[in-house]
Amino acid sequence: MQLKNVIESPCGLRFMLDGLDLQSGFARRWLLDTEMMTSEIEIVDSYDVLRKFVDFVRSIEPSFLNTLLFKLQGVKDIRTTVKNLRQQSTLDDIELFEVKHLAILSTEVVKLLKEHNIDKAIKIPMLDEVITILDPDGMKIATFYIYDSYCEQLKDLRIQMRKNPSQQDELLIEAAEIEDGVRRDLTQKLHSHVDDIERALIALAKIDISVAKARQMVEQELCFPSISNDGSSCYTALFHPQVKDALIRAGKKFQPVNISFAYWPTLITGANMGGKTVVLKTLTLCQYLFQFGFGIPASEASIAIKDEIMFCIGDEQSIERGLSSFAAEMKNIDAVIKASRENRRILALIDEPARTTNPTEGTALVQALLKVLSTKHMSLVMTTHYDIEPGTAHCLRVKGFDNGSMNYSLVEVAGGEVPQEALNVAQSLGIDPEWIGLARSELEMTK
């Protein structure tokens, strides 16, 4: 699973990617093409590198960082040129310039990183020989030209053209043939360095990504997660960066939550507008961030590695497939059930299943779904507004109204009963008091 395949997940992953201050378009494309990590070694190595860059970002002067960022802006996507070089297709002047520019740029970046002893975190191959091949006069200028020093015969021809303008056309043809030969010769010489050239290109993109991730971690106060090996995941002071940002802009404060789950169903109940959906979005976001090597929005996090993340949320109406909201939702949940029968590490997050059908059948569907998935070796976190018997599920409830205001923290409860706080929520929103008053009267009559 590549990052670009899940970027539009409603969990808020795009917000995190858009917040990365990447310096080159190539780094962004490289990041989007990265595969979700599913091995502990990959994830540990990824965070080891990121930790070094966080320390680096915290320790350097802003002027030094700006110099590095400016250099990284010069990284271009020259993979087509590298491919042509690997195939020994004669490079033209533009392609030779691209290789020379990359070689000089990578050398400059290495020099900068060495000043802070971080050049080994992501190693850039030395391309000094490439520079020598493409810069025979040692000018260290990122431009390319078929220099006179490549060929004495070419040098003599150019002198003759300047002295004898009348013979220029004939001499130009002869010079062009020699120049083509120089390009072929340069391509052959560079071919033996193609692996290092490609590795340098990728290393520069990884440095750009690592610096951007590190800056994001510092700015958003994200944490480094530990890897859980017992299947459980635990978060302390978990928050959703996008929701937190929106609340801060509105002059409000985001309330973080604590939550843990493992290979048993976790059921979250609570009033509408109680933050249940935000919790599911945040858990989904964190799992992706973890397995793509980003900082985690929490004060502490221990996360289990998963092979697949399945997020079912909201209005799943599919116009293209001709499915109603209910039909589309049932198809998505059916996919979760089928996946649960396979030998894979799955995290399923299901928000308010069967919300669009009548309460009687909806309750039955949710109750049955919980029973089906309770027997499977998977991690399930599900929210509901139906009163159901939780069975073996770990039950959490949004605390709800506390001293006249909404408390979004999660508390453990014995059963899955949903608190009746819709009228309190509506009243807190300033909804018409006559309507709310009559609703309270109707509710009292049913008791």
Between the side chain of [X] and the main-chain N/O of [Y], is any donor-acceptor distance below 3.5 Å?
X: H116; Y: I118; result: no
X: Q367; Y: E389; result: yes
X: K376; Y: V372; result: yes
X: R14; Y: P10; result: no
X: T266; Y: A262; result: no
X: Q2; Y: D33; result: yes
X: H240; Y: C11; result: yes
X: Q291; Y: K306; result: yes
X: S192; Y: K189; result: yes

Between [X] and [Y], which heavy-atom pair has the shortest distance, and what is it?
X: L20; Y: R28; value: O-NH2, 3.6 Å
X: A203; Y: I124; value: CB-CG1, 3.9 Å
X: A27; Y: I209; value: O-CD1, 3.5 Å
X: L201; Y: V75; value: CD1-CG1, 4.1 Å
X: P241; Y: Q220; value: CB-OE1, 3.6 Å
X: V257; Y: S409; value: CG1-CA, 4.2 Å

Would you call [X] and [Y] a side-chain contact if the rule is heavy atoms closer than 4.5 Å?
X: I268; Y: M382; result: no
X: L204; Y: V109; result: yes
X: W264; Y: T392; result: no
X: L127; Y: I104; result: no
X: L113; Y: I207; result: yes
X: P265; Y: S374; result: yes
X: W30; Y: F26; result: yes
X: L65; Y: V211; result: yes

Rounded to the nearest 0.5 Å, what separation is found between the [atom1] atom of [X] and the [atom2] atom of [Y]?
X: S340; Y: L373; atom1: OG; atom2: CG; result: 5.5 Å
X: L283; Y: L347; atom1: CG; atom2: CG; result: 7.5 Å
X: I346; Y: R341; atom1: CD1; atom2: CZ; result: 11.5 Å
X: T360; Y: Y386; atom1: OG1; atom2: OH; result: 9.0 Å
X: F239; Y: K244; atom1: CZ; atom2: NZ; result: 4.5 Å
X: I388; Y: T269; atom1: CD1; atom2: OG1; result: 9.0 Å

Exercise. Which residue pairs satisfy the side-chain hydrogen bond (donor to acceptor under 3.5 Å, both in side chains) criterion with at least one member in residues 199-217, sequence neighbours excluded?
Worked result: D21-R215, S24-D208, D196-R199
For this session: Mind jotting down which residue pairs meet the side-chain hydrogen bond (donor to acceptor under 3.5 Å, both in side chains) criterion with at least one end in residues 42-54? Sequence neighbours excluded, please.
Result: S39-E42
Exercise. Under the side chain to side chain contact (heavy atoms under 4.5 Å, CB included) criterion, do M310 and N332 qualify, and how do the steps go?
Worked result: CA-CA 9 Å; M310 307 185 79; N332 288 339; over 6 Å; no
For this session: Could you list all the salt bridge (charged side-chain N to carboxylate O under 4.0 Å, His left out) pairs where at least one residue sits in residues 78-102, not counting sequence neighbours?
Result: D77-R79, R86-D195, R86-E198, D93-R183, K100-D135
For this session: Apply side chain to side chain contact (heavy atoms under 4.5 Å, CB included) to I197 and V99, showing your working.
Result: CA-CA 8 Å; I197 292 169; V99 174; 3.8 Å; yes
For this session: Please test T38 against D307 for side chain to side chain donor-acceptor pair (under 3.5 Å), starting from the C-alpha separation and ending with a verdict.
Result: CA-CA 6 Å; T38 56; D307 296 315; 4.7 Å; no
Exercise. Is any NZ, NE, NH1 or NH2 atom of the basic residue among E352 and K276 found under 4.0 Å from an Asp or Glu carboxylate oxygen of the other?
Worked result: yes
Problem set entry | R249/D245 ion pair, N-O < 4.0 Å | yes
Problem set entry | Pair H193-L85, side chain to side chain contact (heavy atoms under 4.5 Å, CB included): steps then yes or no | CA-CA 9 Å; H193 301 281; L85 181 58; over 6 Å; no
For this session: Answer with yes or no whether the side chains of T236 and N258 bring together a donor and an acceptor at under 3.5 Å.
Result: no
Neighbour count above 12 (heavy atom, 6.0 Å) for [X] [atom1]:
X: E8; atom1: CD; result: yes
X: E115; atom1: CD; result: yes
X: K371; atom1: NZ; result: no
X: E61; atom1: CD; result: no
X: E221; atom1: CD; result: no

For this session: Carefully, step by step, assess D334 and K338 under the rule salt bridge (charged side-chain N to carboxylate O under 4.0 Å, His left out).
Result: CA-CA 6 Å; D334 185 58; K338 286 182 170 61; 2.4 Å; yes
For this session: Please test E35 against F292 for side chain to side chain contact (heavy atoms under 4.5 Å, CB included), starting from the C-alpha separation and ending with a verdict.
Result: CA-CA 8 Å; E35 295 283 342; F292 282 106; 5.8 Å; no
Exercise. H101 and F144: aromatic ring centres closer than 6.0 Å?
Worked result: no
